[in-house]
Amino acid sequence: METVPARDDSAGPGYDPMRQFSQLAGDVRDPYPMLADLRETTPVLEVSLDVRTGQGPFDAKAPKLPALFTVFSHEYARQVLTDNVRFSSAGYAASMGQVMGRTVLEMDPPEHQRYRALVAGAFRARVLEQWNDTVIGATVNELISAFAADGEADLIRQLTFPFPVRVISRILGLPEADWPHFLRLSTQLIAIMRDWDGALAASRELRGYFAQIIADRRRNTRDDLVSQLIEAEVDGQRLTDEQIYPFLLLLLPAGAETTYRSSSNLLFGLLTHQDQLDAVRGNRGLLPQAIEEALRWEPPLLNVTRLATQDLELGGVPIPNGAFISVSLGAANRDPRRYPDPDAFDIFRDRGQHISFGDGPHMCLGMHLARLETRVLLNAVLDRLPGLRLNPAAQDTHIHGLVFRSPPDLPVLFDPGHR
Ligand code: HEM
């Protein structure tokens with residue numbers, strides 16, 4: 001028996017999470033020429049950004065930022081991400097930390113390793129295989145079955161957007177009836193730099209929601225991640241509810257938004273490059289390299305941030321202790337020193353590891369899950385939607401965004417009837 005009542009009232013009927021996600025992405029179509037210029041002229045750039053006026057995209061209550069630098073080249077991006085002594089992750093405490101609590105994202109060593117280790121086991125590639133058919137395959141097939149007979153669909157709204165939220169909710173063991181409500185709160189939570197009070201309210205509500213889930217799992221342990229966290233120990237001590245919340249508050253936004261956007265970008269890349277779509281359709285062994293190339297070409301998340309822990313120099317530019325450093329994953333992934341012809345989507349290119357999952361100690365914990373979900377999704381799409389192509393009636397299919405990037409919609413046609 002669940003202790004949490006079914007409640008999706010606040011998620012509908014007028015609520016449209018897709019609209020909020022689309023607004024978050026922003027409407028910049030192609031930032032890459034600008035990023036290329038910046039990478040060539042100023043691989044490490046001091047940015048003048050004053051958010052104190054409340055002008056621009058930020059809520060006036062958002063924290064005031066100190067000196068800000070942006071790193072554009074692959075070489076310097078890696079230097080920052082792999083050195084967590086000079087470049088701390090503590091800066092996230094002032095933004096995401098306000099609504100999520102103390103997550104692994106904002107921890108430095110040695111605390112970071114201790115807490116990351118608590119959930120790392122659950123996200124190992126081998127362990128995740130257990131979810132392959134039962135959770136991931138079942139979820140994707142359920143979604144495709146709802147439109148496979150129609151001959152047309154919007155692959156974002158009907159497939160890639162709902163898919164990872166459902167997977168992570170199942171891995172956490174959340175009751176299905178709560179998913180829409182949970183999605184609304186999570187969407188509000190990560191919109192923190194645009195709506196500070198809304199994000200704080202969502203955070204309070206989510207904690208209340210998780211308090212009931214945790215209380216239930218303390219009484220009845222199950223085979224899910226919440227139960228695993230309840231039984232985990234740090235320095236011989238079980239975690240308190242206050243220590244468990246941040247894990248739960250981070251996992252959904254971290255795992256759902258990025259994966260929905262990256263699988264959408266892969267579909268966009270293949271649907272706009274028919275020869276490569278045909279190649280993958282004919283040889284599914286090409287899927288892993290297609291997934292990596294789409295991540296390099298159009299990463300769903302364009303920047304991560306660090307805080308300088310001392311006065312230092314990077315690329316000849318002096319950076320003061322306490323400065324914020326934004327690492328442009330998007331610019332680094334298209335650095336021509338590393339990837340010849342970097343703007344081309346080419347699943348056959350010689351692979352150099354992209355930086356879309358970050359690098360170093362904070363490298364994405366969920367990358368194996370993201371890859372597995374995308375592989376299962378693509379295989380199901382290719383198996384069940386023969387003749388898949390962009391709907392020619394839709395003239396303006398594109399990827400947009402400056403912080404997050406993905407297509408707002410992906411209208412397609414296919415041969416119907418393969419339920
Ligand atoms: C394609 C999909 C994904 C992308 C592009 C992505 C990207 C990233 C990046 C760039 C970081 C590093 C942040 C930093 O260094 O500041 C990160 C960290 C993280 N990601 Fe992902 N992510 C994806 C999917 C997932 C999934 C599916 C999950 C889990 C369900 C997840 C959970 C996390 C967590 C917990 C961290 C923090 C790790 C730490 O601080 O040690 N991510 N992700």
Side-chain angles (χ1 to χ4, degrees), residues 71 77-78 80-84 87-93 95-97 100 102-125 127-128 131 135-136 160 163-172 186 190 225 229 246-266 291-307 324-330 332-333 353-377 401 403-406:
V71 174
R78 286 209 63 206
V80 172
L81 295 179
T82 53
D83 178 352
N84 62 350
F87 302 101
S88 157
S89 291
Y92 288 121
S95 51
M96 300 315 268
M100 291 181 183
R102 195 160 174 72
T103 68
V104 283
L105 201 59
E106 68 176 67
M107 292 179 188
D108 287 323
E111 185 189 23
H112 175 249
Q113 292 96 309
R114 285 209 299 268
Y115 279 83
R116 183 171 159 125
L118 297 181
V119 284
F123 289 97
R124 274 195 202 105
V127 176
L128 287 169
W131 305 107
V135 172
I136 303 175
T160 58
F163 171 53
V165 186
R166 292 189 184 196
V167 170
I168 195 74
S169 301
R170 281 182 168 162
I171 290 177
L172 288 173
S186 304
I190 55 176
L225 200 58
L229 284 166
F247 278 111
L248 304 179
L249 290 170
L250 172 64
L251 280 179
L252 189 111
E257 178 169 16
T258 45
T259 312
Y260 119 65
R261 292 192 190 278
S262 68
S263 56
S264 307
N265 292 346
L266 170 61
I291 292 170
E292 299 310 309
E293 172 61 358
L295 278 162
R296 181 201 68 82
W297 180 61
E298 281 288 4
L301 170 68
L302 282 196
N303 294 279
V304 297
T305 57
R306 292 295 184 268
L307 212 51
F324 260 106
I325 295 139
S326 171
V327 178
S328 174
L329 306 177
N333 271 345
Q353 182 59 51
H354 59 74
I355 210 165
S356 302
F357 288 123
D359 203 343
H362 287 273
M363 191 164 178
C364 179
L365 189 68
M367 64 185 172
H368 301 303
L369 177 59
R371 287 175 172 135
L372 177 62
E373 284 178 289
T374 312
R375 204 179 70 221
V376 173
L377 180 135
V403 180
F404 299 105
R405 279 181 70 75
S406 58

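Order of listing sets the numbers, starting from 1, for every ligand and every atom in it.
- Numbered from 1 in the order shown, with element, the atoms of ligand 1 that lie under 4.0 Å from a heavy atom of Tyr92 read 14 (C), 16 (O).
- Not a single donor-acceptor pair under 3.5 Å links the side chain of His354 to the backbone N or O of Pro299.
- Counting atoms of ligand 1 from 1 in the listed order, those under 4.0 Å from a heavy atom of Leu105 are 13 (C), 37 (C), 40 (O).
- With values rounded to the nearest 0.5 angstrom, His362 atom NE2 is found 5.5 Å from Asp108 atom CG.
- Contact annotation: for Pro300 versus ligand 1, heavy atoms closer than 4.0 Å belong to the side chain alone.
- A donor-acceptor contact closer than 3.5 angstrom is absent between the side chains of Thr160 and Ser263.
- Contacts with ligand 1 closer than 4.0 Å are made by side-chain heavy atoms of His112 only, the backbone lying farther away.
- The main-chain N or O of Ser406 is never found under 3.5 Å from a side-chain atom of Tyr260 such that the two would form a donor-acceptor pair.
- A 4.5 Å side-chain heavy-atom check between Phe247 and Leu225 finds every atom pair outside the cut-off.
- A salt bridge is defined here as a Lys NZ or Arg NE, NH1 or NH2 lying under 4.0 Å from an Asp or Glu carboxylate O, and Arg114 with Glu111 fails to meet this definition.
- Closest heavy-atom approach to atom 26 (C) of ligand 1 among the candidates Gly255, Ala370, Gly360: Gly255.
- Closest to atom 40 (O) of ligand 1, if we only count protein heavy atoms, is His362 ND1, 2.6 Å.
- Less than 4.0 angstrom separates some heavy atom of Phe123 from each of these atoms of ligand 1: 29 (C), 30 (C).
- Considering only non-hydrogen atoms, atom 6 (C) of ligand 1 lies nearest to Phe357 out of Tyr115, Phe357, Phe87.
- For atom 8 (C) of ligand 1, the candidate residues are Cys364, Ser263, Ala294, Pro299; the nearest heavy-atom contact is made by Cys364.
- Near Ser356, the atoms of ligand 1 lying under 4.0 angstrom from a non-hydrogen atom of the residue are 5 (C), 7 (C), 10 (C).
- Geometrically, ligand 1 and Arg116 share a nitrogen or oxygen pair separated by less than 3.5 Å.
- The backbone N or O of Glu298 sits less than 3.5 Å from a side-chain atom of Asn265, completing a donor-acceptor pair.
- Thr258 OG1, 3.3 Å is the protein heavy atom nearest to atom 24 (C) of ligand 1.
- For ligand 1, none of its N or O atoms has an N or O atom of Ser262 under 3.5 Å away.
- No donor-acceptor pair under 3.5 Å is formed between the side chain of Thr259 and the backbone N or O of Ala256.
- Proximity of Ser89 to ligand 1 is not established, as no heavy-atom distance is less than 4.0 Å.
- Within 6.0 Å of atom CZ in Arg371, more than 12 heavy atoms from other residues, nucleotides or ligands are found, so the atom counts as buried in its surroundings.
- If you check each of Leu329, Val304, Ile168 against atom 13 (C) of ligand 1, the one with the closest non-hydrogen atom is Val304.
- Ionic pairing of Glu292 and Arg296 is not present here: no N-O contact between side-chain nitrogen and carboxylate oxygen is shorter than 4.0 angstrom.
- Under 4.0 Å from ligand 1, the heavy atoms of Arg306 that appear belong solely to its side chain.
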Check your understanding: Between Asn84 and Ser89, is a side-chain hydrogen bond (donor to acceptor under 3.5 Å, both in side chains) present by the stated rule, with each step listed?
Key -> CA-CA 7 Å; Asn84 62 350; Ser89 291; over 6 Å; no
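- Near Leu365, with a cut-off below 4.0 Å to any heavy atom, the atoms of ligand 1 are 19 (C), 20 (N), 33 (C), 34 (C), 35 (C).
- The side chain of Leu250, and not its backbone, has at least one atom closer than 4.0 Å to an atom of ligand 1 (non-hydrogen atoms only; side chain from C-beta on).
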